[in-house]
Structures are given as structure tokens and as C-alpha cells.
Amino acid sequence: MLRLPPFRFLQPETAREAALLLAEHGAEAMAVAGGTDLYPNLKRRQFEPKVLVSLRALPDTRGIGVNGGLRLGAMTTLAEVERHPEVLRRWPAVARAAGLVSSPPLRNAGTIGGNLCVDTRCTYYNQTEFWRASIGYCMKKDGTICLVAPGSDKCWALSSSDTAPVMIALEATATLVGPEGERRIPVAALYGRDGIAYLAKRPEEILTDVHVPDRTGWETTYRKLRRRGSIDFPIVGVAAAVRRDAGGVVEDARIVLGAVHTHPVEAVDAQEFLKGRRLEPETIDMAAGIAYKPARPLDNADLSYAWRKRMVRIEVARALRGLAGLPTGDLPPVVA
Ligand SMILES: Cc1cc2nc3c(=O)[nH]c(=O)nc-3n(C[C@H](O)[C@H](O)[C@H](O)COP(=O)(O)OP(=O)(O)OC[C@H]3O[C@@H](n4cnc5c(N)ncnc54)[C@H](O)[C@@H]3O)c2cc1C
Ligand code: SF4
């Protein structure tokens, strides 16, 4: 049986106090929210913090507020997000992405803040310490080279959050609290460009709130590809949002890809291509053909990377077809 390593467990009562504790203990400390990702990772010694700073007791970081836009306290569970009537009605892609994370028990404990900050993933890294030792480790933990791309000086572990692509597609912002105060940044700016330093926020900053703007007039969706219909992380995620005029012409479009790079990827060229066009089958196929190009899956997740790359194109087309009210041609879950 894998066991947790020993650590000190601190339970601050404000976000600023939590940030101060993280700053004081530096690289030896980590924040923990629901612990659904962090605790298994600790058991596999992917992290070895001496201090855990729990976010459970922070006031005002739990709950859902609707007032024009949507405010999600970072400690709100995914189950609360997926079931909230106003989120379901006005931000259905947010509810859908939250509801597609893992399985019900993990969504009851896992938080929206933890989901946005969740560690990047790689076949050579999400393994026990024994397994990783047997192959000589990799640079994300304990080693010196990347086993997927040995010539690379950066880690290519995949951003695997289900909600991050949706939040970026909806242009959500995040409140971060540090020792000196708070700041608000686009969720898109939360992510770095390396599988190790995958968050661009300062290590001591606590994510306290996520704010999603009013998206009245937009049609939004999230599609997730995974081997099984539950539990599995995405191997492709597609968030899509379009705003069309009364004649059906696209005024604005947002397409964000998940699980195909070290960070969520905005398909900028496809977004531009769609503007001024109608969501007709040929246009959708062309947009999908543009959208999948920035995806960079490597051989470090479930199923072959070449197939995953091809599936980005298909999943983008299905997402846009769904928004257009066209048949999506869905197949049963992949079994081999
Ligand atoms: C079997 C299994 C399947 C899973 N499947 C999926 C899946 O399909 N899709 C998916 O997206 N995830 C999946 N996960 C990962 C995880 O369950 C979710 O991402 C969950 O939302 C993480 O939230 P948490 O509160 O448990 O985060 P934690 O595990 O507590 O923390 C995760 C990371 O975020 C940091 N963190 C947490 N909250 C904050 C905050 N407020 N401010 C700053 N840093 C913070 C922590 O320091 C840690 O580094 C799975 C995990 C398991 C074990
Ligand atoms: S991408 Fe390379 S460095 Fe990063 S976790 Fe995988 S093998 Fe390790």
C-alpha cells in the first residue's frame, strides 16, 4: 500500500495568512484544497513538501454567487458547480466541464480552484516512486532529462484540467491573494509554458475566486475525449463558444483546447476564421482543420499521440456542429 509521507498540516484562517505561510516555508510548503490530486501525488512522492497549508478553513472562498456575472469561490466543490441551477442555466459549459471531471466521489471533494491549479500529467511521471526509479526518473521530479523528448530542455507534461479551457473560452478572471495583497488576472494568464512551472502565478499566491462574465447571447459547450466514460482525465478537451447575430453570422468565437500542450491552447486562427461566417458544415470543417494545428500532444498520455492530434480536429468539429444544432456524429466511448 502506498502511504502518505509525514508532513506538518497548517490550517490558516485567512487567505493572506495562508499566503504568508507559503512564503515563509518556501519550496518546502504546498497548498492543499480538496486533496484529490495532491494526496495521490504525495503517495507517489511526486511532491515531498514538509508543510501542507490547508485552504479548507478560509472564509468566503466557498460558494457560488450570481450577480450579472458568476463568482465561484475557489473552495467550491465541483459537485456544487455542476449542479447549481443558475450555473446550469446560464453557464452550461462550466457545469458540464465540472461534471465531467473524474467521478462523483472526487467531485464531492475536489474544488474548482484545485481543478484550475491541478498538476500537469505525463505517463513517465504519474507513476509510483518505484516505477520512476526503475527508469531513472525524469526532469519533472528527481531526474535530469525528459523521457518523452530527450533533447528537450523543457517538460512537456500535459495540462489536464477540464475546467481551464472553458474558463479561458468564457474569458474568466481569477483573484489571487498574496502576502502583499490581491490581484485579478485572466484565467488564461494563470498558466506558464512548461510542464514543471505550469502555473504562472507566484507559488505563495492563493486562488480565492473565479469570476465568469455574463455570457448572455453566447452559445457554449465543452467536449471531453477519454478512454472510459468516467474517472479518466481528458486526452483531448475542447471548449467552444460563439456569439451569432440574428441572421446566424458569427460575431465572435472562442475555441480553447485542453490536454494537448503544457497549457490550455487558444485556437486563435480558427477563432478569427469563424468571424463573419455562418456555422455551416463546410465552414466548420475548415475551422476545425485550422484549430487542431497548435495542438502538441506527445507520446506521454493514453492512446497514440498521432491519433489524439487527429481527434482534436474531430472534437472541434463536433463542438461547433453541436453549437450549430447539427448532428455531431458521436461514437461510443473508445475501448481500445
Ligand atoms: C483518479 C483520478 C481521476 C481524476 N480525473 C480528473 C479529470 O478527469 N479531470 C480533471 O480535471 N481532474 C481530474 N483529477 C484531478 C483532481 O481530482 C481534480 O482536478 C480536482 O478538481 C482537484 O481539486 P482539489 O481541490 O482536490 O485540488 P488539490 O488536490 O487539493 O490541489 C491540486 C493542486 O492545486 C493547488 N491548489 C489547490 N487549490 C488551490 C488554490 N485555491 N490556490 C492555489 N493553489 C491551489 C495545490 O497546491 C495542488 O498543487 C483526477 C484525480 C484522480 C485521483
Ligand atoms: S514530459 Fe518529460 S520531463 Fe515532463 S514529466 Fe514527461 S518525461 Fe518528465
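Counting starts at 1 for both ligands and their atoms, following the listed order. Just so you know, residue 1 is the first one in the sequence shown, and it goes up from there.
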Next item on the list: Check the surroundings of atom CG in D142: do more than 12 heavy atoms from other residues, nucleotides or ligands lie under 6.0 Å from it?
Entry: yes
Check: Considering distance alone, does some N or O of S102 sit under 3.5 Å from an N or O of ligand 1?
Finding: yes
Check: Under the ring-ring contact (aromatic ring centres under 6.0 Å, His included) test, which residues partner H84, sequence neighbours left out?
Finding: none
Notebook entry, point to check: Taking NZ, NE, NH1 and NH2 as the nitrogens, is one of them in D209 or R71 under 4.0 Å from a carboxylate oxygen of the other?
Noted result: yes
Check: Relative to the heavy atoms of G110, which atoms of ligand 1 are at a distance of less than 4.0 Å?
Finding: 23 (O), 24 (P), 25 (O), 26 (O)
Check: Minimum heavy-atom separation for P49 to F7, with atom names?
Finding: O-CB, 3.8 Å
Next item on the list: Check ligand 1 against A33 and write out every atom of the ligand that is under 4.0 Å from a heavy-atom position of the residue.
Entry: 25 (O), 30 (O), 37 (C), 38 (N)
Checklist line | From A15, G237, C117, P234 - option closest to atom 44 (N) of ligand 1 by heavy atom | finding: C117
Item checked: Between N115 and S161: side-chain donor-acceptor atoms closer than 3.5 Å -> yes
Notebook entry, point to check: Is R44 salt-bridged to E129, going by a charged N under 4.0 Å from an acidic O?
Noted result: no
Note to self: Give the atom numbers and elements of ligand 1 that come within less than 4.0 Å of a heavy atom of L38.
What the structure shows: 29 (O)
Next item on the list: Can you pull out the closest protein heavy atom to atom 42 (N) of ligand 1? Residue, atom name and distance to 0.1 Å, please.
Entry: L207 N, 2.9 Å
Checklist line | R45 to F47 six-membered ring, cation-pi geometry met (6.0 Å, 45°) | finding: no
Checklist line | Part of S160 within contact of ligand 1 (heavy atoms, under 4.0 Å) | finding: backbone
Margin query: Suppose we measure from atom 46 (C) of ligand 1 to each protein heavy atom; which comes out shortest, and what is that distance?
Written below: A31 O, 3.1 Å
Note to self: Quick check on contacts: which atoms of ligand 1 are under 4.0 angstrom from a heavy atom of L78?
What the structure shows: 21 (O)
Next item on the list: Evaluate the ring planes of H261 and W156, with Trp represented by its six-membered ring, and classify them as parallel (under 30°), tilted (30 to 60°) or perpendicular (over 60°).
Entry: tilted
Next item on the list: List the closest protein heavy-atom neighbour of atom 18 (C) of ligand 1: residue, atom name, distance to the nearest 0.1 Å.
Entry: N115 ND2, 3.6 Å
Note to self: Checking the N or O distance criterion of under 3.5 Å, is ligand 1 in contact with R226?
What the structure shows: no
Checklist line | Residue D232 vicinity, atoms of ligand 1 by number, heavy atom under 4.0 Å | finding: 8 (O)
Next item on the list: Report yes or no: does L55 have a heavy atom closer than 4.0 Å to ligand 1?
Entry: yes
Next item on the list: Assess K140 against Y125: is NZ or CZ under 6.0 Å from the centre of the six-membered ring, and within 45 degrees of the ring's axis?
Entry: yes
Next item on the list: Among all protein heavy atoms, pick the one closest to atom 8 (O) of ligand 1 and tell me residue, atom and distance.
Entry: K224 NZ, 2.7 Å
Margin query: Ignoring hydrogens, what is the shortest heavy-atom contact between E86 and V66? Give both atom names and the distance.
Written below: CB-CG2, 3.8 Å
Notebook entry, point to check: So does E82 pair up with R96, basic N to acidic O under 4.0 Å?
Noted result: no
Next item on the list: For S161, counting its heavy atoms only, list the atoms of ligand 1 lying under 4.0 Å from any of them.
Entry: 11 (O)
Notebook entry, point to check: Which protein heavy atom lies closest to atom 28 (P) of ligand 1, and at what distance to 0.1 Å?
Noted result: G35 N, 3.5 Å
Note to self: If you take the nearest heavy atom of each of F47, Y198, F233, which one is closest to atom 13 (C) of ligand 1?
What the structure shows: F233
Next item on the list: Say whether M75 and ligand 1 are in contact under the criterion: heavy-atom distance to a ligand atom below 4.0 Å.
Entry: no
Note to self: Considering both backbone and side-chain atoms of K201, is one of its nitrogen or oxygen atoms within less than 3.5 Å of a nitrogen or oxygen in ligand 1?
What the structure shows: no
Check: If we only count N/O pairs under 3.5 Å, is Y39 in contact with ligand 1?
Finding: no
Item checked: SB check E272 K275 (cutoff 4.0 Å) -> yes
Note to self: Can you confirm, on distance only, whether ligand 1 has an N/O atom lying under 3.5 Å from any N/O atom belonging to I231?
What the structure shows: yes
Notebook entry, point to check: So is there a nitrogen or oxygen of E205 less than 3.5 Å from a nitrogen or oxygen in ligand 1?
Noted result: no
Next item on the list: Would you mind checking which non-hydrogen protein atom is closest to atom 9 (N) of ligand 1, with the distance to 0.1 Å?
Entry: D162 OD2, 2.7 Å
Notebook entry, point to check: For V101 and ligand 1, does the shortest N/O to N/O distance drop below 3.5 Å?
Noted result: no
Note to self: Counting non-hydrogen protein atoms only, what is the nearest one to atom 37 (C) of ligand 1? Give residue, atom name and distance.
What the structure shows: G114 CA, 3.4 Å
Next item on the list: Would you tell me which option among L190, L106, T36 has the nearest heavy-atom contact to atom 2 (C) of ligand 1?
Entry: L106
Checklist line | R313 side chain vs K309 backbone, donor-acceptor pair below 3.5 Å | finding: no
Note to self: Does this structure show an ion pair linking D302 with R308, if we count only N-O contacts that are shorter than 4.0 Å?
What the structure shows: no
Next item on the list: Could you go through the side-chain contact (heavy atoms from CB on, under 4.5 Å) check for V238 and L257 one step at a time?
Entry: CA-CA 5 Å; V238 175; L257 313 175; 4.1 Å; yes
Check: Which heavy-atom pair separates V101 from K224 by the least distance, and what is that distance?
Finding: CA-NZ, 4.1 Å
Next item on the list: Please could you name the atoms of ligand 1 that M30 approaches to less than 4.0 Å, counting only its heavy atoms?
Entry: 49 (O)
Checklist line | Closest non-hydrogen atom pair between D214 and G68, with its separation | finding: CB-O, 3.6 Å
Item checked: Atoms of type N/O/S from protein, distance to atom 8 (Fe) of ligand 2 below 2.8 Å -> 1
Check: Is it true that R62 and E80 have a side-chain N and a carboxylate O under 4.0 angstrom from each other?
Finding: yes
Item checked: G34-ligand 1 polar pair, N/O distance under 3.5 Å -> yes
Item checked: Minimum heavy-atom distance L100-R107, with the two atoms named -> C-NH1, 4.5 Å
Check: Do the numbers put R121 on top of the ring of F233, so that NZ or CZ is under 6.0 Å from the six-membered ring centre and no more than 45° off the axis?
Finding: yes
